[in-house]
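The block underneath contains the structure these notes are about, expressed in structure tokens.
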Amino acid sequence: MIRSPRLRLAIPNKGRLAEPAVELLRDAGFAFDPHDRRLVAHVENLDIDVLFVRAVDIVEFLSDGVADLGVTGLDLLAERGSPLRTLRPLDFGHCRLSVAVPDESPYRAVADLAGLRSATAHPNVTRRYFEDLGLDVEVIPLSGAVEVAPRLGLAESIVDLVSTGSTLAMNGLRPIASVLESEAALVAGPASEQRPDEVATVDQMLGAVLEGRRSKYVMMNAPADRLPELRSLLPALASPSVIPLAEDGMIAIHSVVGARDVWQLLPRLKAGGASGILVLPIEKIVG
Ligand code: AMP
């Protein structure tokens, strides 16, 4: 394998993971044309090429050393059973691989499926799952449209990815067990070991965006004597900035808070004497 002079990062070219992967790279500051979906996009401001390939093929590209890093689903990694290094989960593409059966079927638990058939696009994970439970279930591998298998009489159950559950419901199926939880992840192949510094840079760039997305910057004004009360409401880890205002006895308090906590925090800050509260998005947090 000829070593490419530039780090190669493989991302999905279509499907559910494609848009969020491009958005993450753009937010991290990768300058490339994501609409130019040729196989390779040249990143102008970094020594990186982005390869657009099918999500299912990314593990192969990494294992073969064609790409150094990749963005793909943890379910796909598990299915290939390959010993690639997961550098970090990326907080999109959340789903669960679930065992589901037709609504009207008598099966309530996976143990009820012994001696029957299960259709799936994840045959390896599914075989391992039933084997580990000591259940003899015949696995029927399919490459798509798994949810129609019971209706066609191909299998009594399916093992398929579920996010909202609406596809299952639409097909008259109900989940009875969870096989694994998945989300998109940054994954490193063996070729990346020759470029530890560049890999660390990409990992940090993406990590800084993810940390920023999980947080909000909150600014407020308050009477100086309410500081102890307001401080007790703000996260202990991030010591807030306290800035005196032109108006005597008034201060501004700035702090980073968890994006999920903001809505329940705002009324408490107001009750604690805060006014003119601003909530701002954070582009990146570099720890
Ligand atoms: P694609 O088939 O190209 O849309 O990508 C499939 C990948 O998207 C899966 O392997 C999962 O990692 C991820 N994914 C997230 N939610 C779902 C879902 N509800 N159904 C299928 N795949 C999902």
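Start at 1 and go down the list; that is how both ligands and their atoms are numbered. Please read these numbers as outputs of a predicted model, since none were measured by experiment.
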- Shortest heavy-atom approach to atom 20 (N) of ligand 1 - which of Arg96, Arg16, Lys14: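 It is Arg16 whose heavy atom sits nearest to atom 20 (N) of ligand 1.
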
Item to check | Polar proximity ligand 1 side, Ser163 side, N/O cut 3.5 Å exclusive | outcome: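 So ligand 1 has an N or O lying under 3.5 Å from an N or O of Ser163.
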
Nearest-0.5 Å distance that lies between atom CD1 in Ile11 and atom CZ in Phe52
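Those atoms lie 4.5 Å apart.
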
**Request:** Check whether the ring centres of His254 and Tyr217 lie less than 6.0 Å apart, and answer yes or no.
**Result:**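 Ring-ring flag for His254/Tyr217: true, centres closer than 6.0 Å.
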
Provide the number and element of each atom of ligand 1 under 4.0 Å from a heavy atom of Leu76.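 By the 4.0 Å cutoff, the relevant atoms are 10 (O).
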
What atoms of ligand 1 come within less than 4.0 Å of a heavy atom belonging to Gly73?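 Selected atoms, number and element: 12 (O).
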
Just list the side-chain donor-acceptor pairs under 3.5 Å for residues 66-79, sequence neighbours left out, or say none.
{"residue": "Asp68", "atom": "OD1", "partner": "Arg195", "partner atom": "NE", "Å": "3.3"}
{"residue": "Asp68", "atom": "OD2", "partner": "Arg8", "partner atom": "N", "Å": "2.8"}
{"residue": "Thr72", "atom": "OG1", "partner": "Ala55", "partner atom": "O", "Å": "3.2"}
{"residue": "Asp75", "atom": "OD1", "partner": "Ser182", "partner atom": "OG", "Å": "3.0"}
{"residue": "Asp75", "atom": "OD2", "partner": "His122", "partner atom": "NE2", "Å": "2.9"}
{"residue": "Glu79", "atom": "OE1", "partner": "Asn124", "partner atom": "N", "Å": "3.2"}
{"residue": "Glu79", "atom": "OE1", "partner": "Val125", "partner atom": "N", "Å": "3.0"}
{"residue": "Glu79", "atom": "OE2", "partner": "Asn124", "partner atom": "N", "Å": "2.9"}
{"residue": "Glu79", "atom": "OE2", "partner": "Asn124", "partner atom": "ND2", "Å": "3.2"}

Give the residue, atom name and distance (to 0.1 Å) of the protein heavy atom nearest [atom].
atom: atom 11 (C) of ligand 1; answer: Asp75 OD1, 3.4 Å
atom: atom 13 (C) of ligand 1; answer: Leu17 CD2, 3.9 Å
atom: atom 22 (N) of ligand 1; answer: Leu161 CD1, 3.3 Å

>> If we set the cut-off at 4.0 Å for heavy atoms, which region of Arg54 has an atom near ligand 1: side chain, backbone, both, or neither?
In response: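 It is neither; nothing of Arg54 touches ligand 1.
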
Is the closest heavy-atom distance from Gly93 to ligand 1 below 4.0 Å?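 In this structure, Gly93 qualifies as a contact of ligand 1 - some heavy atom is under 4.0 Å.
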
[X]/[Y] ion pair, N-O < 4.0 Å:
X: Arg226; Y: Glu229; answer: yes
X: Arg26; Y: Glu23; answer: no
X: Asp27; Y: Arg213; answer: yes

inquiry  = Test: salt bridge (Lys or Arg N to Asp or Glu O under 4.0 Å). Region: residues 147-165. Which pairs qualify, not counting sequence neighbours?
reply    =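 Those involving residues 147-165 are Arg117-Glu156.
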
Going by a strict under-4.0 Å cutoff (protein heavy atoms only), does atom 15 (C) of ligand 1 have a neighbour on the protein?
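Yes, because at least one protein heavy atom sits under 4.0 Å from atom 15 (C) of ligand 1.
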
query: Is atom 2 (O) of ligand 1 close to the protein, meaning a heavy atom under 4.0 Å from it?
result: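 Within 4.0 Å: no protein heavy atom nearby.
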
Side-chain donor-acceptor contact under 3.5 Å, Ser98 with Ser178 |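 Ser178 and Ser98 do not have a side-chain donor-acceptor pair below 3.5 Å.
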
